Number of protein chains: 2
Amino acid sequence: MNKVFKALNDQTRREILNLLKEKDLTAGDIAEAFQITKPSISHHLDILSQAELVTSHKQGQFVIYSLNTTVLDDLMKWIITLKD
Amino acid sequence: MNKVFKALNDQTRREILNLLKEKDLTAGDIAEAFQITKPSISHHLDILSQAELVTSHKQGQFVIYSLNTTVLDDLMKWIITLKD
DNA sequence: GTAATATTTAGATATTTGTCTAAATACCTA
DNA sequence: TAGGTATTTAGACAAATATCTAAATATTAC
């Protein structure tokens with residue numbers, strides 16, 4: 001859970017998740033949605049991957065990222081436990 | 001929401017919330033549950049307060065902290081929105 | 001008022017983090 | 001194989017963060 005909270009503690013990363021909610025996107029597509037450089041986005045995607053909030057697979061020269069809701073379910077359980 | 005994610009991005013603060021789930025506690029009670037100093041715990045409590053994850057009121061020389069689940073509800077909504 | 005207890009504030013420091021530029025890697029096309 | 005596009009890796013740097021010690025504030029008890 002540590003990595004999940006860390007990953008969510010950044011506005012850009014939360015927006016990336018929101019983009020991926022709509023549909024899968026390549027790293028390049030995601031980068032174009034922000035004002036920061038591609039290496040920075042790549043780094044954010046890495047942190048999201050480590051937290052398993054996103055998955056990715058290579059398709060030719062492109063890397064396609066997808067939202068992984070499994071971890072979001074775990075997060076929900078964590079919150080519910082806190083509430084009793 | 002920014003402050004909420006920030007506040008949750010720390011193991012000690014998440015454990016503080018878990019303690020407060022059981023019952024309200026004074027700052028001193030909370031500090032005793034951890035190996036870090038009282039000023040550090042005080043700082044963590046400040047961050048949790050800023051995120052409105054806890055509320056506090058003074059009772060004599062003691063400051064009593066309580067869990068505030070309202071923000072947790074907002075967090076749940078955020079997650080659900082992400083999942084559709 | 002003085003002393004004791006509870007908590008916070010102030011200031012310092014080492015670590016982590018988000019960002020950048022430059023370079024490297026991977027894949028495709030001709 | 002050479003050149004172009006997509007993405008990541010490496011290294012640097014400023015800002016944010018968690019922690020500490022020392023001091024300040026607030027309350028209670030005598």
Side-chain angles (χ1 to χ4, degrees), chain A residues 1-20 22-68 71 75 78, chain B residues 1-20 22-68 71 75 78:
Chain A
M1 278 311 255
N2 220 314
K3 289 185 178 178
V4 175
F5 286 112
K6 172 184 164 173
L8 292 175
N9 186 30
D10 182 273
Q11 180 66 35
T12 300
R13 289 195 289 268
R14 294 197 296 272
E15 285 179 27
I16 289 173
L17 295 179
N18 260 308
L19 286 178
L20 292 175
E22 302 304 330
K23 61 171 184 290
D24 295 353
L25 293 170
T26 67
D29 289 339
I30 295 167
E32 279 175 20
F34 299 90
Q35 297 288 25
I36 61 183
T37 64
K38 282 174 186 180
S40 294
I41 292 293
S42 186
H43 182 228
H44 284 310
L45 289 169
D46 182 47
I47 289 167
L48 288 168
S49 295
Q50 283 180 43
E52 294 180 79
L53 281 161
V54 304
T55 57
S56 64
H57 68 276
K58 199 151 193 177
Q59 196 166 87
Q61 6 176 211
F62 302 92
V63 177
I64 299 176
Y65 283 87
S66 313
L67 185 66
N68 175 26
V71 178
L75 182 57
W78 184 87
Chain B
M1 280 311 255
N2 220 313
K3 289 185 179 178
V4 176
F5 287 112
K6 174 184 164 174
L8 292 176
N9 185 31
D10 182 275
Q11 180 66 35
T12 300
R13 288 195 289 268
R14 293 196 298 272
E15 285 179 29
I16 289 173
L17 295 180
N18 260 309
L19 286 178
L20 292 176
E22 302 304 329
K23 62 172 186 288
D24 296 354
L25 294 169
T26 67
D29 289 338
I30 295 167
E32 280 176 19
F34 299 90
Q35 297 289 26
I36 60 184
T37 63
K38 282 174 186 178
S40 294
I41 291 292
S42 187
H43 182 230
H44 284 309
L45 289 169
D46 182 47
I47 289 168
L48 288 168
S49 293
Q50 281 179 44
E52 294 181 79
L53 282 162
V54 303
T55 56
S56 65
H57 68 277
K58 197 151 194 179
Q59 196 165 87
Q61 11 177 205
F62 301 92
V63 178
I64 298 176
Y65 283 89
S66 314
L67 184 65
N68 176 25
V71 177
L75 182 56
W78 184 87

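Numbers restart at 1 for each chain; the letters A, B, ... are given by sequence-line order, proteins then strands. No experiment lies behind these values; they were computed from the predicted model shown. Heavy-atom basis, side chains included; hydrogens, waters and symmetry copies ignored.
Evaluation of the side chain to side chain donor-acceptor pair (under 3.5 Å) test over residues 40-54 of chain A, restricted to residues two or more places apart or in two chains, returns R13(A)-H44(A), T37(A)-S40(A), D46(A)-Q50(A). Applying the side chain to side chain donor-acceptor pair (under 3.5 Å) test to residues at least two apart or on different chains, the pairs with a partner in residues 54-66 of chain A are D24(A)-S66(A). A side chain to side chain donor-acceptor pair (under 3.5 Å) check over residues 27-36 of chain A, counting only residues at least two apart or in different chains, returns the pairs T26(A)-D29(A).
Not counting sequence neighbours, the partners of N68(A) by the side-chain hydrogen bond (donor to acceptor under 3.5 Å, both in side chains) test are T70(A). Partners of Q11(B) according to the side-chain hydrogen bond (donor to acceptor under 3.5 Å, both in side chains) rule, which considers only residues two or more places apart in sequence or in another chain, are R14(B), E15(B). Not counting sequence neighbours, the partners of F5(B) by the ring pair (Phe, Tyr, Trp, His ring centres under 6.0 Å) test are W78(B). Residues satisfying the side-chain contact (heavy atoms from CB on, under 4.5 Å) test with A51(B), not counting sequence neighbours, are K3(B), V4(B), A7(B), L53(B). Every residue two or more places apart in sequence or in another chain that forms a side-chain contact (heavy atoms from CB on, under 4.5 Å) with L19(A) is listed here: L25(A), A33(A), F34(A).
The footprint of chain B on DNA chain D, defined by a heavy-atom cutoff below 4.0 Å, extends from dT17(D) to dT28(D).
Between atom CG of residue L45(B) and atom CD1 of residue I16(B) there is a gap of 5.0 Å, rounded to the nearest 0.5 Å.
A heavy atom closer than 4.0 Å to some atom of DNA chain D occurs in I36(B), T37(B), P39(B), S40(B), H43(B), H44(B), I47(B), these being the qualifying members of residues 33-48 of chain B. If you check residues 53-68 of chain B against DNA chain D, the residues with a heavy atom closer than 4.0 Å are K58(B), G60(B), Q61(B), listed by number.
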